[in-house]
Amino acid sequence: ILWTMLLESYYLSQLPFKYIPETLWMDSDGFISHCQTQEVPPLVRLTLLSDGSLVKLLKAVYLSETTVDVKAQRQIVMGTEMAKFLDAAEGSDAIGRDAWLCCNEKRLVYAHSVIDVSKMGETIQKEINKKSIPVGMLLSDYGLPLLRDQLFVMQLRSDHFAKEFSVTGSLFWARCYRLLGGDGFSAAILEIFPSDIFVSWH
């Protein structure tokens, strides 16, 4: 409950768009329970609960490289909620990034990242500042170990994203998790998927 309250407080106040929560944030078990009473396609469940690389999953489905389109990247100071989620000191330096993951120039996933730079190695920080590679792939390219934990899932409603994704429905799935890696890397990643992304995979 603590993590979900922290997440809700941060995302409702700090994201560069507005949304309406359709469900509460759910941990993996809570999401599975939700799926037992609601119709959620298997591919949706698999993708949202996967602790592997989303970029590799998209490549396997689309047989195309995933590119990142960074819309905004800025230096920020970590507030209370995100500092607790990342187990960092409040007031630590961080990078805030808003980006799209795309295949064949089609927007597939929106990603909002808060990256703790207070303990990060200089090499990784320079690569992140280039804004050319998805965060998870960057760590893989350097052979750094990766751990995803604190995974939470929710459904939200947003007319803003309906326009950004060029879709007709306003319901979207979102997941948030902590991404930990070597060289002092720590980040909170929020990913938002349009509902029909899964339909277009067939």
Side-chain angles (χ1 to χ4, degrees), residues 1-55 57-58 72 76 78-88 90 92 94-101 107-116 134-136 146-162 164-165 167 169-181 185-198:
I1 294 176
L2 171 62
W3 294 129
T4 56
M5 290 175 61
L6 292 172
L7 291 173
E8 194 70 10
S9 176
Y10 174 83
Y11 289 128
L12 282 174
S13 62
Q14 297 299 321
L15 287 177
F17 58 85
K18 298 300 180 187
Y19 68 89
I20 300 171
E22 191 74 12
T23 68
L24 298 173
W25 284 101
M26 300 169 276
D27 63 13
S28 297
D29 290 339
F31 178 59
I32 292 295
S33 296
H34 175 81
C35 294
Q36 289 171 339
T37 59
Q38 305 295 320
E39 188 174 342
V40 183
L43 195 52
V44 177
R45 304 196 299 263
L46 183 66
T47 302
L48 291 172
L49 292 186
S50 169
D51 57 6
S53 167
L54 177 63
V55 170
L57 187 150
L58 294 175
I76 61 174
M78 215 180 297
T80 304
E81 301 96 345
M82 200 48 72
K84 286 183 178 178
F85 186 69
L86 291 178
D87 196 20
E90 184 176 352
S92 295
I95 292 172
R97 175 192 272 194
D98 296 284
W100 294 93
L101 296 181
R107 286 179 169 179
L108 300 179
V109 182
Y110 163 85
H112 174 83
S113 308
V114 178
I115 307 166
D116 181 5
V135 172
L146 268 179
L147 171 67
R148 291 172 176 82
D149 68 358
Q150 304 291 11
L151 173 69
F152 298 97
V153 176
M154 75 173 299
Q155 196 169 39
L156 58 86
R157 191 176 294 277
S158 171
D159 292 333
H160 170 86
F161 271 110
E164 291 283 358
F165 277 108
V167 296
S170 60
L171 271 179
F172 299 85
W173 284 105
R175 69 173 186 171
C176 175
Y177 55 89
R178 188 169 61 173
L179 186 63
L180 304 173
F185 183 89
S186 176
I189 311 290
L190 170 74
E191 295 165 343
I192 297 178
F193 308 78
S195 297
D196 69 351
I197 182 179
F198 307 104

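Just one residue in the list Phe193, Tyr110, Phe165, Phe17 forms a ring-ring contact (aromatic ring centres under 6.0 Å, His included) with Phe172, and that residue is Phe165.
Not a single donor-acceptor pair under 3.5 Å links the side chain of Ser9 to the backbone N or O of Met5. Between the Arg148 side chain and the Ser50 main chain, no donor and acceptor come within less than 3.5 Å of each other. No side-chain donor-acceptor contact under 3.5 Å links Arg107 to the backbone of Trp100.
A side-chain donor-acceptor contact under 3.5 Å links Glu90 and Thr80. Counted by atom type alone, Tyr11 and Glu81 present zero donor-acceptor pairs between their side chains at under 3.5 Å.
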>> Applying side chain to side chain contact (heavy atoms under 4.5 Å, CB included) to Trp173 and Thr47, what does each step give before you reach the verdict?
In response: CA-CA 10 Å; Trp173 284 105; Thr47 302; over 6 Å; no

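Rounded to the nearest 0.5 Å, atoms CG (Leu48) and SG (Cys35) are 8.0 Å apart. In this structure, the separation between CH2 on Trp25 and CG on Leu6 is 12.0 Å, given to the nearest 0.5 Å. To the nearest 0.5 Å, the span separating CD on Glu22 from CG on Leu171 amounts to 5.0 Å. Taking CG of Leu57 as the start and CG of Leu43 as the end, the distance is 7.5 Å to the nearest 0.5 Å. Here the CD1 atom belonging to Ile189 is positioned 9.0 Å from the NE2 atom belonging to His112, to the nearest 0.5 angstrom.
Across all their heavy atoms, Glu191 and Arg175 have their closest contact at OE1-NE, 2.6 Å.
Using a 4.5 Å heavy-atom threshold, the side chains of Leu180 and Asp149 count as touching. Taking the side chain as every heavy atom from C-beta outward, Ile192 and Tyr19 never approach each other to under 4.5 Å. Side-chain contact check for Tyr177 versus Gln150: every heavy-atom pair is 4.5 Å or farther apart. Leu24 places none of its side-chain heavy atoms less than 4.5 Å from the side chain of Thr4. A heavy-atom distance below 4.5 Å is found between the side chains of Val114 and Tyr10. For the pair Leu190/Leu15, a side-chain contact is recorded, criterion being any heavy-atom separation below 4.5 Å from C-beta on. Put simply, the side chain of Met82 does not reach to within 4.5 Å of the side chain of Ser92, judged on heavy atoms. Ile115 places a side-chain heavy atom less than 4.5 Å from the side chain of Phe185.
Applying the side-chain hydrogen bond (donor to acceptor under 3.5 Å, both in side chains) definition to pairs two or more places apart or across chains, none involves residues 27-42.
The local environment of CD1 in Ile32 is crowded, with over 12 non-hydrogen atoms from other residues, nucleotides or ligands closer than 6.0 Å.
Remark: Ser170 pairs with Arg157, Asp159 by the side-chain contact (heavy atoms from CB on, under 4.5 Å) rule, at least two apart or across chains.
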